[in-house]
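Scroll down for the structure; my scribbles are underneath it.
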Amino acid sequence: MSLATALALPPIATERPEDAPLVEALVLRAFGPGRFAKAAERLREGRAPAYALSFTAWDGRRLIGCARQWTVRVGETPAIFFGPIAVDPAWRSHGLGAALTERACEAAAAAGHRVIVLVGDMPFFGLLGFQVAPKVTMPGPVDPHRLLARALRAGAADGLQGMVVPQ
């Protein structure tokens with residue numbers, strides 16, 4: 001059973017550039033200012049997300065969830081970097097994070113991308129098809145057990161190795 005089927009979920013829409021201030025505010029509430037020190041931020045600095053592959057969830061006019069994606073390379077392999085994902089506390093544990101993740105993966109696959117990488121928790125993302133990527137590194141310190149990949153095409157993550165860098 002999918003994590004995203006627990007109850008009726010709010011509408012999920014493709015992120016638009018004008019959503020950026022609300023997305024940034026939600027992410028800041030979820031992660032605090034410490035997020036700017038993380039290695040994943042080095043991949044996002046000064047760049048816009050891939051809006052066509054990034055999603056927002058709305059409760060009326062209130063933003064309650066977001067999942068962003070970015071174009072990167074892992075070594076010489078083109079890839080998508082997933083994150084941040086943030087969900088309003090009132091909507092956590094209801095499947096919204098899983099729904100946003102699944103929608104983002106589906107969009108990346110439909111756009112022809114072959115693999116997604118992220119830094120996250122295996123107990124959550126493992127249920128959504130992600131696996132530890134032991135030969136992938138980040139441009140800064142990251143717990144290697146939290147560096148995960150999901151193949152969007154059969155075998156696309158096999159042999160994936162190298163540093164994740166902006167594309």
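Here, residue 1 is the first one in the sequence, and each next residue gets the next number. Please read these numbers as outputs of a predicted model, since none were measured by experiment.
- Within a 6.0 Å sphere centred on CD of E18, other residues, nucleotides and ligands contribute more than 12 heavy atoms.
- For the salt bridge (charged side-chain N to carboxylate O under 4.0 Å, His left out) condition, the pairs that include at least one residue of residues 117-131, sequence neighbours left out, are D121-R146.
- Hydrophobic clustering, with ILVMFWY side chains joined whenever heavy atoms are under 4.5 angstrom apart, groups I80 together with F55.
- Note on V72: it does not cluster hydrophobically with L152, by side-chain heavy-atom contacts below 4.5 Å among ILVMFWY residues.
- When atom types are taken as modelled, the side chain of T56 and the backbone of C66 share no donor-acceptor pair closer than 3.5 angstrom.
- Contact annotation: the side chain of P84 approaches that of R68 to within less than 4.5 Å [non-hydrogen atoms, C-beta and beyond].
- With sequence neighbours excluded, the residues that form a side chain to side chain donor-acceptor pair (under 3.5 Å) with T71 are R47.
- Nearest heavy-atom pair, F81 versus R44, reported as atom, atom and distance to 0.1 Å: CE2-NH2, 3.6 Å.
- Residue pairs meeting the salt bridge (charged side-chain N to carboxylate O under 4.0 Å, His left out) criterion with at least one partner in residues 149-158, sequence neighbours excluded, do not occur; the list is empty.
- The structure places NE2 of H145 at 11.0 Å from CE of M122, a figure rounded to the nearest 0.5 Å.
- When all heavy atoms are compared, the tightest approach of L9 to G95 is CD1-O, 3.9 Å.
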Where do L63 and W58 land on the side-chain contact (heavy atoms from CB on, under 4.5 Å) test, with the steps shown first?
CA-CA 5 Å; L63 179 71; W58 300 87; 3.7 Å; yes

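- R92 places a side-chain N or O within donor-acceptor distance of the main-chain N or O of V87, the cut-off being under 3.5 Å.
- Listed by chain and number, the residues in a ring pair (Phe, Tyr, Trp, His ring centres under 6.0 Å) with F130 are F125 (sequence neighbours excluded).
- The shortest heavy-atom contact between R42 and P139 is CG-O, 3.8 Å.
- By the criterion of side-chain heavy atoms lying less than 4.5 angstrom apart, applied directly or through intervening Ile, Leu, Val, Met, Phe, Trp or Tyr residues, V119 is not grouped with L128; the two fall into different hydrophobic clusters.
- In the hydrophobic clustering of this structure, V132 groups with F82; members are Ile, Leu, Val, Met, Phe, Trp, Tyr whose side-chain heavy atoms approach within less than 4.5 Å, directly or through other members.
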Residues 103-114, side-chain donor-acceptor partners within the protein, below 3.5 Å, at least two apart:
{"from": "R103", "atom 1": "NH1", "to": "I12", "atom 2": "O", "distance (Å)": "3.4"}

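- A distance of 9.5 Å separates CD in Q69 from CD1 in I85, rounded to the nearest 0.5 Å.
- Considering all non-hydrogen atoms of both residues, L26 and D88 come closest at CD1-N, 4.1 Å.
- Atoms CZ and OG1, from F124 and T101 in turn, are 4.5 Å apart once rounded to the nearest 0.5 Å.
- By the criterion of side-chain heavy atoms lying less than 4.5 angstrom apart, applied directly or through intervening Ile, Leu, Val, Met, Phe, Trp or Tyr residues, I116 is not grouped with L160; the two fall into different hydrophobic clusters.
- Rounded to the nearest 0.5 angstrom, L118 CG and L147 CG are separated by 8.0 Å.
- Among pairs with a residue in residues 146-167, none fulfils ring-ring contact (aromatic ring centres under 6.0 Å, His included), at least two apart in sequence or across chains.
- More than 12 non-hydrogen atoms from other residues, nucleotides or ligands lie less than 6.0 angstrom from CD of Q167.
- Of all non-hydrogen atoms in W91 and P10, the two that sit nearest each other are CZ3-CD, 3.4 Å.
- Contact detail for Y51 and A20: the closest heavy-atom pair is OH-CB, 4.4 Å.
- Considering CG of D59 and CZ of R61, their distance stands at 13.0 Å, rounded to 0.5 Å.
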